Amino acid sequence: MMAKSGQSSYRDRTQEFLSVAERLKKSVPSPSNAPAPSGSNSSSAKTRSEDRKSTVAIQSEFNKRASKIGYGIHQTSQKLAKLAKLAKRTSVFDDPTLEIQELTTVIKQDITALNSAVVELQLLCNSQNESGNISSDTTSHSTTVVDNLKNRLMGTTKEFKEVLTMRTENLKVHENRRQLFSSNASKDSTNPFVRQRPLATRSAASASTSPPPPWANGSASSSQLFASKQTDGESQPLLQQQQHQQQQQMVPQQDSYMQSRAEALHNVESTIHELGNIFTQLATMVSQQGEIAIRIDENMDDTLANVDGAQSQLVRYLNSISSNRWLMIKIFFVLIVFLMIFLFFVA
Amino acid sequence: MALNLRQKQTECIARMLNLNQPVNATGTANEEVYKILIYDRFCQNILSPLIHVKDLRKHGVTLYFLIDKDRKPVHDVPAVYFVQANQQNIQRIIADASASLYDSFHLNFSSSIPRALLEDLASGTLNSDSIQRISKVHDQYLEFVTLEENLFSLAQKNCYVQLNDPKAGDREIEEIIERIVSGLFCVLATLGVVPVIRCPRGGPAEMVASALDQKLRDHLLSKNNLFSEGGNFVTSFQRPMLCIFDRNFELSVGIQHDFRYRPLVHDVLGLKLNRLSVQGEKGGMKSYELDSTDPFWVANGWLEFPEVAVEIETQLNKYKKDVDEVNKRTGGDAGAEFDGTDLIGNTKHLMNAVNSLPELTERKQVIDKHTNIATVLLGEIKERSLDSYAKKENDMMVRGGIDRSELMGVLKGKGSKMDKLRFAIMYLISSETINQPEVESVEAALRESEVDTSAFQYVKKIKSLNVSLASANSASRNNIVDWAEKLYGQSISAVTAGVKNLLSSDRQLALTRTVEALVEGKPNPEIDSYLVFDPRAPKSSSGSSHLKGPFKEAIVFMIGGGNYMEYGSLQELAKRQQPVKHVIYGTTEILTGVEFVEQLASLGQKMGLGNPGSPSTH
C-alpha cells in the first residue's frame, strides 16, 4: 500500500498519451509501417536489441550481475537483521548459541562471496571501459553502479561487525552475571579467561588474598578482547587458540559449559578479525565518499563551462570546415585551369 | 496531522525516482533499478534543496543531467525525466527518444501537461518511430520550491513588476494570475488539502483567490481527483486556511533592513536555494549550505546578530572543552600507573573517543561554517553600519517619523547607495503625510550620493495616490497609530505611549497581525471586509460561520515577493499561539531588499519617473 499522501499528488497520464498516439497513428500514416501498439512492441524492441552491437550484450550482462549482487546484499542484510534480533536476547538460559553461530557462518560466506562478485564486476566494468566502444555516459553509469554496490556491501559488513561486537558484549554480560550468582574462588580458577589475563593483572589479583571482584574478571576478558581486536597480526588469534587448547588439555576437569561459552566468544572474535580483513580490502577499493553532501546544482558551473567549451569547439570546427571547403574549391579551380590550358594549348 | 510541506515534497520526489512504484518503509524501492535522472533548470531548483546526491544514489540514480546537456546513449537503463511542461523540453525529449539515448523514458512533468503538448509529444515520437520508448507519462504537481519545512516559493520572477506595470494589459495580468494559481494548486495538491481561502478585497489577491477557488471547484467536480484520498474525515473537519495577500498590502517589509541572523544572511549575503557563497579566508569562494540539517542554523536563525556571535563563541568553547576532555581521557594520563583496571579503562575510553570523533568533527564544521559567515557579515555590517539602519528604520515605523537632522545624517553617512535608497523609501512609507520640503531635501540628498531615485519616485507616487484614497484601505497604510486607534477605539495619545513601548522591542508586521486575527476568527473590524472562498461548499451558500472559526493551520501566500523577515515573523506568531499553530509561508519569489527595490525602480522607470541623468545603481 502506497503512502496515502503520496498517492494523491500525481497523475498517471500514460493512458491518455497512448490514446492520443493511437488516434494520431490512424490519422497520420507513420513513416515506418510498423503500427504495432506499444504493448506488443516490447517484443519487437527486444529482437532489435539482440541485433545491436556486442556492447549492448555486455551491458545487459553487467546489469544482470549488478542486480544479482544487489539482491544478494539485500538478502544478506535481511539475515543480518535476524541475527541482530537473536544477538539482542539477553536471557542467560535461552541462549541461541548454535543458531547464531550458523547464521554467522552463513553471513560470513555470503559477504565473502559478494565481495568477490563485486571485484569481478569491477573487472568486467574495467575491461568494458578499456574496450572503448561505449559512450562516456555508459562508463560513468557502470562505475557508479559498482561504487554503489561497494558502498552497500561496506555498510552491510559494518553492520555485521556491529552485531558481532554486540554479541560479545552480551556474552560478557552473561559471564558477569554467572560469576555474580555462583561466584567463589574455585569457580574463578576454572574460568579459562583468568589464565589469559595480562601478567600485571594476575599478579595484582594474586597479591590480594581476597578473590577479585567479579567485574574484574569480565573486564579482564574484555581487555583480552580488545587487545586481540586491535592487533593487526593475523597470527594472533591462531596463537591464542593454540594456547587455549593447551590450557584445556592441561586442565581436563573443566566445566564444559564454560568451555562452550569460551569457544563461542573465540568464534565471534575470529569472525570479527576476518571481517576486519574484508573491511580493509573494501576500504581500499571504495574511494571515500566525498559525494555525501554534494548538491545536484554544484555541477552547474562545471556544466556551464562544458557547454561553453563545446560551443567554442563547434565554432572552431565550423571554421575549419569552411576553410577546408575554400581550399578544395581553390584546388579544383586551379586544376580546371590547368586542364583548360592542357586541352586548348597542348592538344 | 501537521502539514509538513518539505517532507511531503521529498516523499513525492522519492516516489518519482522509484519510477512511481510503491515505496517501502525505509524509503527505497523493493527492487533495485539503476536509472538516470534528467531535469531542466527549474526542476533542478526544486530538487537541489530537497535531495542530495547521496539520496539520489540511495534511490538507484547513477547519473543526473540537465536536459540541455549533450548526453551520450546508455543502453538498458531507464531514464527518469523531471521537467517543466513546455515546448522546448518536449522537443528535446522527442530528440532524445529518436536518438534512442535510453531504453525507456519515464516522463514526469512538474505540473499538469496540457493536451496540446501531449499531442506534440505523441506525434513527434510517432514520426521518429520511437514511441515505444516512452513508457510512462506522469503529472507530478510539484512546481514549487520548498526551502524549509514551512517556507516555499513558486520561483516566478518579477511578479511584482508585472502585476503593477501600468502598461500591462488584461491578458498579461491574467497569464500571471494563471501561473500563480497553478503553482498554488500544486502546493495544495502536494499537501492534499482543500483550504478555506481568505483574502483582502480588490487587487491581485482577490483575483488569485477567486481563480484558485474556481480551479479547485472544477477539479473537485471530477470523481477521481487529487484530493479524494487525502480528504478523509479528519482533514475535512479541520481544514487549513489559505490567506492570500499582495505585496502592496505591506510594502515596507520588502525594503526594510533587519538585524536578525537569517534575514541578514539572506539580505546581505544573498542566500539562494539554501545555499550561500562567501569569500573564504584565502580569497577563494566558499559555498555553504544552510538548511534544517544544520542544528545551529535552526536553533539560532532568528536571534539578533550580536546574540548569534555570542552563541558561536559559546559553542566554540564547548567544543574545545569536549576535545580537551577526550584528550585527557585517552592520552593525557600517560604517567599514570599501569595496572589492569586502568588499562581496561583506557581501551574503553579510546573506543569512546573514536566513536565520538565523527560527532566532534561535525560540530567543528558547523562552528567553522558559522564563524566564517559571521565574520563576513560583520565586515559588511561595519562597512555599511547596517545596525543603525535597522534600528532607525524600526524606530521610524514605530514612531511614524524621524528627526530631520537624523534623517539627513543617515543619508549622508555610511552605507551603500541601495541602503540609503531603502532608508529613504522607508521614511516615505512611515511618514503619515508627505511633508513636501522634507521629501525634496531627501531627494536632493539621494541625488547627491548618485542614487537612482526612480524607485523613490514610484513609492512617492503610490503614496500620494494612497493618501488621497486614505480611507479605502487603512491596512496598507501600515500605520501603527492608525491600527491602534481602530482596534481599541480610544484616543491616539492615550494608547500610543503604551503601544510604543510594547512594540519597540517586538514590533509586529501588519501581515502578522492580520493573519493572527484571521486565524483566531473572532469578529474584528480589520478583517470583516475580507473575502471568504470555500471550494468545497456549494456556490450559493458561501460565508457560513464555521468558515471563520479558529484555524489550527494556515498557509500564508504573498504575491509579489517575500523574504525571511516576514517568514520569521509568521513563525514567531505560530509559536506564540496557544495551542501552537502551524503556519506555512509562501511567496512568488524570495527577494532581498535590494532586489525588491530594483523591481520598484524598474516600475518607476516604466512610469517615466526617476532621473535618467543619474547613473544606475549597479
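Atoms considered below: every heavy atom in the structure, side chains included; atoms not considered: hydrogens, waters and symmetry mates. By convention in this document, chain letters (A, B, ...) are assigned in the order of the sequence lines, proteins followed by strands, and residues within each chain are numbered from 1. Model, not experiment: these values are computed from the prediction.
- Interatomic distance, B/Thr125 OG1 to A/Leu24 CG, rounded to the nearest 0.5 Å: 9.0 Å.
- With a threshold of 4.5 angstrom between heavy atoms, A/Asp12 approaches chain B through its backbone and through its side chain.
- The parts of B/Leu118 that come within reach of chain A are both its backbone and its side chain, each placing non-hydrogen atoms under 4.5 angstrom from that chain.
- Note that OG of B/Ser123 is 10.5 Å distant from CZ of A/Arg23, once rounded to the nearest 0.5 Å.
- Taking both residues in full, the closest heavy atoms of B/Lys72 and A/Asp137 are given as N-OD2, 2.8 Å, listed atom of the first, atom of the second, then distance.
- Contact annotation for B/Ser135: only backbone heavy atoms (N, CA, C, O) come within less than 4.5 Å of a heavy atom of chain A.
- Side chains of A/Arg13 and B/Lys136 form no contact here, defined as non-hydrogen atoms less than 4.5 Å apart.
- Judged purely by atom type and a 3.5 angstrom limit, B/Thr62 has no side-chain atom pairing as donor or acceptor with the backbone of A/Ser142.
- There is no side-chain donor-acceptor pair under 3.5 Å between A/Thr144 and B/Arg57.
- The two residues B/Leu126 and A/Ala21 come nearest to each other via the heavy atoms CD1-O, 3.4 Å.
- Residues B/Pro73 and A/Thr138 share a closest heavy-atom pair of O-OG1, 2.9 Å.
- For B/Leu188, no part sits under 4.5 Å from any heavy atom of chain A, backbone or side chain.
- Within 6.0 Å of CD on A/Gln75 lie more than 12 heavy atoms contributed by other residues, nucleotides or ligands.
- To the nearest 0.5 angstrom, B/Ile131 atom CD1 is 7.0 Å from A/Leu18 atom CG.
- Only the side chain of B/Phe65 comes within less than 4.5 Å of a heavy atom in chain A; its backbone stays farther off.
- Between A/Phe17 and B/Leu107 the shortest side-chain heavy-atom distance does not fall below 4.5 Å.
- For the set A/Ser140, A/Ala66, A/Gly70, the count of heavy-atom pairs under 4.5 angstrom toward chain B peaks at A/Ser140.
- In this structure, NZ in B/Lys58 is found 13.5 Å from CG in A/Asn151, a value given to the nearest 0.5 Å.
- With a threshold of 4.5 angstrom between heavy atoms, B/Leu121 approaches chain A through its backbone and through its side chain.
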Open item on the list: Checking A/Val20 against B/Arg115 for the side chain to side chain contact (heavy atoms under 4.5 Å, CB included) test, could you report, in this order, the C-alpha distance in whole Å, the side-chain angles of both residues, the deciding distance, and whether it holds?
Closed with: CA-CA 9 Å; A/Val20 167; B/Arg115 182 80 181 186; 3.4 Å; yes
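- Every residue was checked against the side chain to side chain contact (heavy atoms under 4.5 Å, CB included) condition with A/Ser67, not counting sequence neighbours, and none meets it.
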